[in-house]
Structure formats: structure tokens, C-alpha cells
Number of protein chains: 2
Amino acid sequence: MPRSQNDSTRTTILKACRQLLEAGSGQPVRMSDVAKAAGVSRQAVYLHFPKRADLLIETARHIDDASDVDTRLAPSRNASSGVERLDRYIEAWGNYIPVVIPTARALIAMSETDEDARTTWANRMAAMREGCAAAVKALEADGNLSPALSAERATDLLWTLLSVGHWEDLVERCGWSQSDYVDSLKQLARAALLAPAAQARQPRITAL
Amino acid sequence: MPRSQNDSTRTTILKACRQLLEAGSGQPVRMSDVAKAAGVSRQAVYLHFPKRADLLIETARHIDDASDVDTRLAPSRNASSGVERLDRYIEAWGNYIPVVIPTARALIAMSETDEDARTTWANRMAAMREGCAAAVKALEADGNLSPALSAERATDLLWTLLSVGHWEDLVERCGWSQSDYVDSLKQLARAALLAPAAQARQPRITAL
DNA sequence: TCGGTGACTTGACACCGTGTCAAGCGCATT
DNA sequence: AATGCGCTTGACACGGTGTCAAGTCACCGA
């Protein structure tokens with residue numbers, strides 16, 4: 001992982017860290033591993049990131065920056081109906097999960113012992129929840145939200161269905177393909193959130 | 001946590017470990033913490049449990065033993081219909097989650113670095129999946145399984161809906177009560193798995 | 001009553017990963 | 001030539017796990 005010309009040392013370290021996390025040795029990534037991968041001394045890493053938690057946090061930010069999150073979310077924001085907004089949001093977030101998951105995992109593990117990591121991850125999840133809330137609100141505006149659910153509860157439900165844990169279970173442990181996952185989640189979200197009448201009006205997404 | 005008369009040292013340690021995990025300091029429980037809580041030297045702990053992973057694994061077993069798992073599962077096994085079997089299984093497992101969750105969390109964290117912990121947890125999840133598969137089979141036998149789902153997929157779906165991560169999200173992070181969780185999960189499982197016609201035939205569980 | 005055995009204690013130590021510190025080095029700027 | 005900056009080198013403290021050896025103590029059988 002030699003630094004490619006005009007990358008700053010900081011960026012080189014972040015890229016190396018990301019790469020190691022994505023390589024997924026199974027074992028946790030150490031500061032010295034990152035240093036070695038970045039072709040830099042261990043202390044150089046500490047110079048830029050005082051603690052391991054900081055490195056992980058910044059790596060997550062770095063991935064966000066490199067991933068054009070706004071572009072991913074545009075289709076959902078521009079949707080013309082509640083159900084479409086829901087579908088587009090599930091696509092946007094559901095397809096972003098595999099991008100961030102290795103770093104997310106490290107960050108979550110770090111949360112065990114580090115306060116900053118904990119709040120960083122909590123904030124990310126809160127942001128994701130905003131998207132859920134917006135989709136639910138759009139469903140509600142269309143009169144398609146199940147009468148058995150308050151907006152709050154519906155948001156909770158959607159938020160948990162879209163959790164990274166759920167993705168890990170389905171894709172990694174059950175071996176579903178990414179597109180199976182996204183399609184199934186759309187179906188599941190509809191089944192969970194929509195009023196029965198609204199559900200009947202929607203086309204099936206896949207026939208398995 | 002003085003040892004109560006006729007408990008062996010081993011049992012005293014297991015109880016202390018469980019208690020510490022359930023106290024939930026936020027910080028990971030150390031071997032020395034367990035020793036102190038059990039009123040025993042740190043080495044005594046290592047005498048009974050060579051590695052931390054062993055202690056955690058045995059603590060999980062110990063909780064199982066103390067919790068009459070078979071009794072919990074009986075209502076599901078004896079159910080007279082697929083839907084009832086499903087409901088009873090969700091109750092059984094859903095209400096067991098809060099019992100094991102502190103230990104489960106420690107075990108999952110340990111899986112990061114320890115092979116034995118990893119396979120132990122995987123085995124527990126595989127066992128839980130058996131219950132899901134049985135419920136799905138019962139639904140299928142009644143002709144109530146959604147035609148859009150294979151038994152395999154339906155099992156995957158139910159299994160992930162019942163994952164401990166999902167419980168943590170809903171109960172701990174969203175603040176749902178345990179009974180809200182169980183009721184919602186029954187509803188959700190029905191919405192996800194049942195054929196539309198079968199769904200219409202089922203009574204609503206709660207009106208929120 | 002003695003010897004032995006097994007369970008536990010005490011205290012030391014190696015190992016590893018994190019985080020800190022101080023000194024030094026090369027290089028660009030002035 | 002002197003300064004400052006980014007990085008390296010090598011050392012060290014700390015905390016948690018896991019290991020080891022010697023010692024204590026109570027109970028059991030001969």
C-alpha cells in the first residue's frame with residue numbers, strides 16, 4: 001500500500017486502514033498493522049489519530065466522503081409517493097451497508113470500551129433513522145400507513161429492519177445475495193408498515 | 001456474592017460471572033472482577049475455566065440449565081396450528097432473549113478474537129434456527145405460508161427477525177417494553193410469512 | 001496420629017496491544 | 001546557516017490475559 005503520489009500521509013493511513021478492515025482477517029486490526037500497511041511508522045499513525053477510536057471514526061467519515069452519500073439518497077428524496085420513497089430509501093441505505101460494514105463492525109466493537117466510538121456510531125444510526133422517519137411520514141401523508149401503527153412505532157420498526165445486524169444475518173450468515181436482500185427488505189417493509197388495502201395495490205417485487 | 005453453602009466453587013464463579021454481566025457496567029467484565037465477586041482468587045477462576053472464553057461459554061450453559069428451556073418451548077411444540085406454533089415460539093424465544101442477553105453480548109464480543117466463542121455462539125443460533133424451521137414447516141403444512149416464499153427463505157427471514165440484535169434495537173434503543181416487542185414480532189412475522197388470505201383470517205394482536 | 005491428596009492462595013512473570021515520550025533526522029523555507 | 005515541520009527510532013508504562021511454582025489448609029484413609 002505505497003502512498004500514491006499526492007495523497008497526504010493522513011489519507012494514506014485512512015486508505016490503508018479501510019483496506020485492512022475490508023480484507024477482513026477475522027482478527028481485529030491493530031495500529032501497527034495499519035502503520036505497516038500504510039508504509040509508515042506506528043508513531044506516525046498516532047501523530048494523526050491520537051487513539052485507535054479516532055482512527056476508526058475518521059475512517060468511517062472518510063468512506064462517507066468518498067461515497068457520495070447525497071447522490072445515493074437523491075432518488076428517495078425526489079420520490080413522488082410514499083411507497084416509492086420507502087423503496088428508494090431501502091435501496092440507498094441497503095446498498096450502502098456493504099460499503100461501510102467492515103468499518104462499522106470495528107467501530108461497534110470499539111464501542112464496548114470507548115465512549116467516542118459509541119456516540120459516533122449512535123449518531124450515524126440516528127441519522128439513518130431520520131431517513132426512516134421521512135419515509136414513514138410520506139407513507140402517512142398518502143394515507144398508506146397501517147392504522148395499527150403510530151408514525152413513531154413505524155419508524156422504529158423500519159429502522160430496526162434496516163439495521164446492519166439484519167443485513168449481516170441475511171447476507172453473510174444466510175448467504176443471500178445483495179439484491180435478494182434489498183428486494184426482500186422492500187417486501188418486508190411493505191408488509192410491516194402498509195395498510196392492507198395499500199398493500200394489495202402494490203405490485204409484487206420478486207417471485208422467488 | 002459469598003458462596004451460599006452447598007454451591008461448589010465452580011458454581012459460585014458462574015453465578016458471580018452471570019451477576020456481573022447482568023449488572024452491565026458498560027465496561028467488559030474481567031477475570032479479576034469475577035474472582036473478586038466470587039470471593040475467590042483469580043487463579044481459582046483459571047483453575048476451573050482455562051480461558052476467559054471458557055468462562056463465558058460455561059456461563060451461557062449455566063443460564064440455560066437454570067432456565068428450563070424445554071418448559072419454555074413446550075407450548076410451541078404442542079401447538080395445534082402453524083400460526084399458533086409460530087406465536088408460541090416467538091413468545092418462548094422472545095422472552096428468553098432478555099435472560100441471556102448480557103452473557104450473549106459478552107460471548108459475541110469474545111467471538112471477535114476467540115474461535116471457541118465464535119462456534120459456541122454460532123451453534124446456539126443454529127439451534128434457535130431449528131425452532132424457526134419447525135414453525136415454518138407447520139405453517140406450510142397448514143397451507144398458510146406465503147406462496148412468494150420457499151420454506152428456506154421463510155426460515156431465514158424469521159430467524160433474522162428473532163435475532164438478538166433486533167431485540168436490542170427495539171427494546172433497548174427504541175425503549176419498547178418486552179410485551180410490545182413480543183406482540184409486534186408476532187404481527188411482523190405474520191405479515192412477513194403468511195399468505196395474504198391466511199393473514200386476513202388472523203385476529204389482530206394489539207391495537208396501538 | 002501421620003501422610004497424602006486435592007482445592008485453593010500468593011506472588012511472580014511473560015506476552016501483547018495501546019498509548020506516551022524524547023531524541024534525532026531530512027528537507028524545504030527564509 | 002538556522003528554523004520548523006513531518007516523520008522515524010527506540011524506549012517505556014499500563015492493563016488485561018494466561019502461566020508457573022511454592023505454599024497453605026482441611027479432610028481422608030491407613
Side-chain angles (χ1 to χ4, degrees), chain A residues 1-17 20-21 23 25-59 105-118 120, chain B residues 1-17 20-21 23 25-59 105-118 120:
Chain A
M1 194 59 359
R3 94 178 48 191
S4 63
Q5 292 294 28
N6 44 7
D7 274 355
S8 67
T9 298
R10 181 189 153 90
T11 309
T12 308
I13 293 170
L14 288 173
K15 285 186 176 175
C17 181
L20 282 180
L21 288 167
S25 72
Q27 292 300 93
V29 170
R30 292 158 297 189
M31 297 300 266
S32 53
D33 297 332
V34 175
K36 187 180 299 180
V40 109
S41 71
R42 194 170 67 93
Q43 278 55 28
V45 179
Y46 278 104
L47 238 42
H48 291 274
F49 310 95
K51 334 208 129 234
R52 200 177 100 98
D54 296 328
L55 172 57
L56 261 20
I57 290 168
E58 293 305 307
T59 303
R105 230 159 358 212
L107 207 47
I108 291 168
M110 190 92 241
S111 303
E112 206 84 10
T113 55
D114 186 277
E115 184 60 33
D116 291 351
R118 184 156 40 243
T120 297
Chain B
M1 192 56 0
R3 96 179 47 188
S4 64
Q5 293 294 28
N6 44 8
D7 274 356
S8 67
T9 297
R10 181 189 153 91
T11 309
T12 308
I13 293 170
L14 288 173
K15 285 185 176 176
C17 181
L20 283 179
L21 288 167
S25 71
Q27 292 301 93
V29 170
R30 293 158 296 190
M31 296 301 265
S32 52
D33 296 332
V34 175
K36 187 180 299 181
V40 108
S41 71
R42 195 170 66 93
Q43 278 54 29
V45 179
Y46 278 104
L47 237 42
H48 292 275
F49 310 96
K51 335 207 129 234
R52 199 177 101 98
D54 297 328
L55 172 57
L56 261 19
I57 290 168
E58 292 304 307
T59 302
R105 230 158 357 211
L107 207 47
I108 291 167
M110 189 93 242
S111 303
E112 207 83 11
T113 55
D114 186 278
E115 184 60 32
D116 291 351
R118 183 155 42 242
T120 297

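Chain naming here is simple, since letters A, B, ... match the order of the sequence lines and numbering starts at 1 in each.
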Using 4.0 Å as the upper bound for N to carboxylate O, is an ion pair formed by Asp54(A) and Lys51(A)? no
In terms of side-chain geometry, is the basic nitrogen of Arg10(B) or Glu58(B) positioned less than 4.0 Å from the acidic oxygen of its partner? yes
In whole angstroms, how far is the [atom2] atom of [N] from the [atom1] atom of [X]?
X	N	atom1	atom2	result
Arg10(A)	dC5(D)	CZ	P	19 Å
Gln27(A)	dC16(C)	CD	P	14 Å
Leu47(B)	dG23(D)	CG	C1'	14 Å
Asp114(A)	dG19(C)	CG	C1'	13 Å
Arg52(A)	dG19(C)	CZ	P	8 Å
Asp54(B)	dT17(D)	CG	P	13 Å
Asp33(B)	dG15(D)	CG	P	14 Å
Leu55(B)	dG18(D)	CG	P	10 Å

Check if the side chain of Gln43(B) and the base of dT19(D) share a donor-acceptor pair of N or O atoms closer than 3.5 Å. yes
Donor/acceptor link under 3.5 angstrom from Arg42(B) side chain onto base of dG18(D): yes
Checking side-chain polar atoms at under 3.5 Å, does Thr11(B) have a donor or acceptor matched by the opposite partner on Ser8(B)? yes
Residue Val40(B), side-chain atoms from C-beta onward, closest of dC8(C), dT8(D), dC20(D): dC8(C)
Nearest to the Met31(B) side chain among dT9(C), dT18(C), dT17(D), which nucleotide is it? dT17(D)
Side-chain (Arg52(A)) to main-chain (Val29(A)) donor-acceptor, under 3.5 angstrom: yes
With a 4.0 Å cutoff (strictly under), does any side-chain N or O of His48(B) reach OP1 or OP2 of dA7(C)? no
